[in-house]
Amino acid sequence: MNIMITSGQAVIEMKHFDLAKTLECGQCFRWHKNQDGSYTGVVQGRIVTARQKADQLILNPVSLDEVESLWIPYFDLQRDYGSMNKLVLEQAPWMKKAADVGAGIRILKQDPWETTITFIFSANNHIPRITASVACLANRYGVNLGEGELGPFHAFPTPEVLRQISLAAWQQCGAGYRAAYLMKTAEQWENHYKNMRKVSSSKKELTTRHRRMLEMLPGVGPKVSACINLYGMGHHKQFPVDVWIRRRVKALWPEAPDTDREIEQSALRLFGNAAGYAQQLLFYEARFKKHSTL
DNA sequence: CCCCAGGTAGGGT
DNA sequence: ACCCTACATGGG
């Protein structure tokens with residue numbers, strides 16, 4: 001990886017990276033595609049525009065410090081996706097098409113709080129509706145960060161703010177029956193997350209421990225906890241099974257087990273630390289198929 | 001009218 | 001431990 005910074009713009013040379021797929025594969029909900037093909041998003045309270053030219057990822061405006069402390073972790077640029085891809089194909093030849101279609105996808109490392117609220121919304125819901133709900137929360141309760149092409153950008157609201165909004169306020173952002181879960185989780189978040197961070201020191205089976213703790217939050221079950229771990233906590237040995245993954249795995253994999261639980265366990269054994277990446281490839285392929293055939 | 005969506009909680013065996 | 005169902009909401 002080679003990084004150049006000139007007048008607030010970073011140019012990062014990267015292999016195995018596709019910006020559009022990474023931002024549009026359904027793991028994040030706060031990026032907007034501009035007319036020129038670039039993307040503008042809000043991450044950790046910062047507005048940034050990202051574009052890709054061949055093997056160059058261009059970020060603006062950023063400082064060198066931010067590139068190292070925020071953007072490289074966020075886009076997961078240090079991880080060796082070349083060898084993960086190879087491992088996935090060795091373990092599962094039936095992943096070939098998904099790996100081709102999704103080549104260049106990276107697993108983002110997003111904010112745990114934002115990821116938790118977003119994926120509670122995701123349960124039994126549609127992606128466009130999730131996106132709209134998250135935008136509603138940001139517009140109403142997030143700090144105004146300044147004007148963009150389509151209006152003001154807002155930070156994702158803090159726990160201090162969201163723990164004080166009413167049940168009706170959650171419902172007005174399209175939470176539906178999840179409103180009660182979201183309200184309770186917002187209330188508990190700061191204390192609960194503090195306890196989760198304490199566990200980090202023990203280091204043993206961190207992924208499982210974090211997951212169990214996340215599932216203590218209302219609205220967080222086995223699938224959502226896996227998503228938070230994967231997209232928000234940097235735990236890559238996760239394989240969230242939803243309706244798309246279930247269908248795709250059963251269609252592609254002759255020996256696929258029956259239940260979601262068994263599918264998850266087999267995938268974790270098969271792919272190890274590349275499980276999250278493999279899952280995202282399948283999800284992207286399933287949805288890409290849907291879009292291109294309609 | 002129906003069924004579906006990045007499932008979960010609560011109740012029952 | 002496993003099965004069953006209700007759950008808001010909007011689009012197809």
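Below, each value reflects all heavy atoms present in this structure, side chains not excepted, and no hydrogens, waters or symmetry copies. So that the names make sense, note that chain A is the first sequence line, chain B the second, and so on, each numbered from 1.
- Heavy-atom neighbours of A:Gln78 CD from other residues, nucleotides or ligands within 6.0 Å: at or below the threshold of 12.
- Around atom CZ of A:Arg140, more than 12 heavy atoms belonging to other residues, nucleotides or ligands sit under 6.0 Å away.
- Near DNA chain C, meaning a heavy atom under 4.0 Å away, there are no residues from residues 97-121 of chain A.
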Quick one: do A:Gln56 and A:Glu13 satisfy side chain to side chain contact (heavy atoms under 4.5 Å, CB included)? Show the steps, please.
CA-CA 5 Å; A:Gln56 292 184 332; A:Glu13 299 271 359; 3.3 Å; yes
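- Using modelled atom types, one finds a donor on one side chain and an acceptor on the other under 3.5 Å when comparing A:Ser38 with A:Asp36.
- When heavy atoms are screened at a 4.0 angstrom cut-off, A:Arg247 is found touching the sugar-phosphate backbone but no base atom.
- Relative to the six-membered ring of A:Trp244, A:Arg247 meets both conditions, a distance below 6.0 Å and an angle of at most 45° to the axis.
- The nearest whole Å value for the distance from the CG atom in A:Leu182 to the C1' atom in C:dA8 is 12 Å.
- In this structure, the CD1 atom of A:Ile127 is 16 Å from the C1' atom of C:dT9, given to the nearest Å.
- Residues A:Glu215 and A:Arg211 are paired through a salt bridge, judged by an N-O separation under 4.0 Å between the basic side chain and the carboxylate.
- For the contact set between residues 21-30 of chain A and DNA chain B, defined by any heavy atom under 4.0 Å, the members are A:Cys25, A:Gly26, A:Gln27.
- The side-chain hydrogen bond (donor to acceptor under 3.5 Å, both in side chains) check on A:Tyr74 picks up A:Trp31, with sequence neighbours excluded.
- A:Asn125 places its CG atom 14 Å from the P atom of C:dA8, with the value rounded to the nearest Å.
- Taking atom CZ on A:Arg261 and atom C1' on C:dC3, their separation rounds to 16 Å, with Å as the unit.
- Between the P atoms of B:dG11 and C:dA8, the separation comes to 15 Å (whole Å).
- Within 6.0 Å of NZ in A:Lys96 there are 12 or fewer heavy atoms belonging to other residues, nucleotides or ligands.
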At a cut-off of 3.5 Å, list every protein nitrogen or oxygen paired with a nitrogen or oxygen from nucleotides 10-12 of chain C, distance to 0.1 Å.
from, atom 1, to, atom 2, distance (Å)
C:dG10, N2, A:His126, NE2, 2.6

5' to 3', nucleotides 8-13 of chain B under a 4.0 Å protein heavy-atom cut-off (B base, S sugar-phosphate only, - none) gives SS----
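- Atom CG in A:Asp260 sits about 14 Å away from atom P in C:dC4, given to the nearest Å.
- Not counting sequence neighbours, the partners of A:Tyr39 by the side-chain hydrogen bond (donor to acceptor under 3.5 Å, both in side chains) test are A:Glu24.
- Annotation: cation-pi geometry not satisfied between A:Arg163 and A:Trp189 (NZ/CZ under 6.0 angstrom from ring centroid, within 45° of ring axis).
- When hydrophobic clusters are built by joining Ile, Leu, Val, Met, Phe, Trp and Tyr residues whose side-chain heavy atoms come closer than 4.5 Å, directly or via intermediates, A:Ile47 is not grouped with A:Val67.
- Checked against the 6.0 Å centroid threshold, A:Phe119 and A:Tyr231 count as a close aromatic pair.
- Note on A:Glu187 versus A:Lys184: no salt bridge recorded, every NZ/NE/NH1/NH2 to OD/OE distance being 4.0 Å or above.
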